[in-house]
Number of protein chains: 2
Amino acid sequence: MHSPVGIRDVAERAGVSPGTVSNVLNRPEKVSAATRAKVEEAVRELGFVRHGSASTLRAGHSKTIGLSVIDIGNPFFTDVTAGVEEVASELGYAVILSNSAGSRTKEERNLLVLAEQRVRGVLITPSDEDPTRLDRLRDRGIRVVLVDHPAHRADQCSVAVNDIVGGTTAVSHLLSGGAESIAYVTGPLTIRQCIDRRVGAERALGGAPLRVIEMAAMTPRAGQQAAAKMIAEGDLPDAIFCANDLLALGMLRGLTHAGVRVPDDVALIGYDDIDFAAASAVSLSSIRQPTHQLGRVATELLLDECDHPDTHAHQQIMFQPELVIRESTR
Amino acid sequence: MHSPVGIRDVAERAGVSPGTVSNVLNRPEKVSAATRAKVEEAVRELGFVRHGSASTLRAGHSKTIGLSVIDIGNPFFTDVTAGVEEVASELGYAVILSNSAGSRTKEERNLLVLAEQRVRGVLITPSDEDPTRLDRLRDRGIRVVLVDHPAHRADQCSVAVNDIVGGTTAVSHLLSGGAESIAYVTGPLTIRQCIDRRVGAERALGGAPLRVIEMAAMTPRAGQQAAAKMIAEGDLPDAIFCANDLLALGMLRGLTHAGVRVPDDVALIGYDDIDFAAASAVSLSSIRQPTHQLGRVATELLLDECDHPDTHAHQQIMFQPELVIRESTR
DNA sequence: CCACAACTTTGAAACGTTTTTCTAAGTCAG
DNA sequence: CTGACTTAGAAAAACGTTTCAAAGTTGTGG
């Protein structure tokens, strides 16, 4: 283990002052081509790597951002994360990942760790509507961009997808396929996304009744239970709209097992268009959200806000979801 | 935005010296209960948050670790990541996530960023066998633990799952179900995991021939293509072993579409036991790897190495995979 | 009542950068 | 050739912690 090489070692080797090395590193245009070359040479020879903490301490800002998601196991968030990592990495930022796992205390603890690390900004899918923790971050000078959650304030960036439109699109599609009775299988109706998708569904029905089946979780298992319940109760609708693909996949499995044919007996549509939607035995129609894009754009907004605070204009971006038709609604 | 409150503000408020505040923060047992209480009170009143960079700079080590994975979109790595995040968060460490996306240059760039951040250690699933970049990290005093890759050296921790045993288990299970001809559908045979699983499969066959179908990717799409190819060629085996569940799901779909019944006509088994294996129309038998555990243990090893370097004993841990029987091989 | 040990607390230096101020050396017009 | 102006680089002062030797405090036994 060779002793750590610092900016002064580089300076000595190149025959310049430490300040000049710093300039080469941070504002190369301020330095003449000749000395720049000398310094770069020295950096290479000595294998110098800048000490991020020292840099952060003195400069007052770091090259890291925080990402706080609700469930890292959900393909939706995984895709978002991939998009975030991509952009951050391109711009030389490191991403600190934290998973609130739906727990508010864990989220709070994670945000504290992020504050200690003096991250430049935070991308967060908040686990509830309470804005005080985020305000506290902002007070500390940490920028915040909301992900998959529209901002309520104009001085705040956010990136989301219109879930009401998504609900409407899904149900309209089912109606246009000839369905007359429709059921909505959803997760907890405390979750904004579930509520909005329901509102959209009802809007499409224009007053006709929507049978709502609320499950505690949004997993394949829950979907299968919902299927069992509907079959036991004996009256299947013409079509089923599930609030996410995990539910829909479980539902598909439950129906198929009971001898119900999809889409002949019952049409089925999910939400999110995760990779596995296309891969199931009867491929699943779904509402696609630009997840990867969501992560990319959120990160671009955040880093723009950090790097160009004067020209930055806050934006609340709302993407539109997209209908993907597959076998389950043909 | 209130002006940043530092350790000296806290000291002043509590009527002690900055050194004492630092002691309360880092070695509470060195401080009398009375002053500790005073200091903690002051911390709370002022909303003090320690400046991680300053701390890292002075103390010489940080409270962050790096995690470098090959494909953040693959549920296998997602599960590992969740385990890592869990343990790190419990112990107050932040996790910097980087995704090499299979590209060696990207991996290299990411490792540089991690080195700049002076992470305490790195968890990495290396994208190839070349050990020089890892040696370079170790030279810098950054501990390295290999994930899903057995270490070749004794002074190095690693956590992996025995893929040879997994291959043997899968094929033995197929044989015990009465299969006589078996095909192995795999990703590129440059990938260690694919090779090992094949070796295990051949071991189970004890000399009997194994038909190997090598695909360029390990995705549902590739699995479906493999199915189409086998059906076109006209001779289906009794059973198929796929090198991961994504391939197997695609295979299942391809077979079902061609009217081949699983498991009646062909038995099918995958690998990884991702969540969706249980959720498909014909639930998929698979080889389960303790993915979450993999992440947890790797992190525990790394942090033990960091926090107790004198008592730490390097370990190469090899987990055993587990057979999960579902409908596709009944 | 003193010497000594055990325990607390202090104060200043140091960690490796960035930033700001300042000097020296060019450059150019008159 | 001078003086104003520009530019490149040097020197030193921060940034907010931790550390460590030293000083201070308390308690104990003789």
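Below, read A as the first sequence line, B as the second, and so on, with proteins coming before strands; counting in each chain starts at 1.
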Rounded to whole angstroms, how far apart are [atom1] on [X] and [atom2] on [N]?
X	N	atom1	atom2	answer
Arg36(A)	dT7(D)	CZ	P	15 Å
Leu25(B)	dT19(D)	CG	P	12 Å
Leu46(B)	dG16(D)	CG	C1'	15 Å
Asn23(A)	dA11(D)	CG	P	14 Å
Lys30(B)	dA21(D)	NZ	P	13 Å
His51(B)	dC15(C)	NE2	P	19 Å
His61(B)	dT17(D)	NE2	P	16 Å
Phe48(A)	dG16(C)	CZ	P	11 Å

Nearest to the side chain of [X] - [options]?
X	options	value
Arg8(A)	dT17(D), dT17(C), dT19(C)	dT17(C)
Arg27(B)	dT18(D), dT19(D), dT19(C)	dT19(D)
Leu57(A)	dT17(D), dT17(C), dG16(D)	dG16(D)
Val16(A)	dA10(D), dT17(D), dT17(C)	dA10(D)
Arg50(B)	dT18(C), dT18(D), dT10(C)	dT18(D)
Thr35(B)	dC15(D), dT9(C), dG9(D)	dT9(C)

What contact category does [X] fall into here, base, sugar-phosphate, or nothing, at under 4.0 angstrom with non-hydrogen atoms?
X	result
Gly19(B)	base
Ser32(A)	sugar-phosphate
Arg118(B)	nothing
Ser55(B)	sugar-phosphate

(message) So Gln289(A) and Asp79(A), do their side chains get closer than 4.5 Å, heavy atoms only?
(response)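 Heavy-atom side-chain distance check fails, nothing below 4.5 Å.
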For [N], does OP1 or OP2 lie under 4.0 Å from any side-chain N or O of [X]?
X	N	result
Asn26(A)	dT18(C)	yes
Ser17(B)	dT10(C)	yes
Thr20(A)	dA10(D)	yes

(request) Report yes or no: do Thr78(A) and Thr81(A) form a side-chain donor-acceptor pair below 3.5 Å? (result)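 Not at all, the side chains of Thr78(A) and Thr81(A) share no donor-acceptor pair under 3.5 Å.
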(message) Could you tell me if His312(B) and Asp304(B) have a donor-acceptor pair between their side chains, going purely by distance under 3.5 Å?
(response)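 Present: a donor and an acceptor within the cut-off.
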(request) Answer yes or no: is there an ion pair linking Arg136(B) with Asp139(B), defined by an N-O contact shorter than 4.0 Å? (result)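 Looking at Asp139(B) together with Arg136(B), the answer is no, because their closest N to O distance does not fall below 4.0 Å.
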(message) With a 4.0 Å cut-off on N to O distance, would you call Asp130(B) and Arg104(B) a salt bridge?
(response)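 Salt bridge flag = yes for Arg104(B) with Asp130(B).
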(message) I need the Ile317(A) CD1 to Leu146(A) CG distance, nearest 0.5 Å.
(response)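 Rounded to the nearest 0.5 Å, the CD1-CG separation comes to 13.0 Å.
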(message) I'd like to know if Arg58(B) reaches the base of dT18(D) with its side chain, counting only an N/O donor and acceptor under 3.5 Å.
(response)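 Result: at least one qualifying N/O pair found.
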(message) Reading DNA chain C from 5' onward, which residue's closest nucleotide shows up sooner: Gly15(B) or Ser53(A)?
(response)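 The answer here is Gly15(B).
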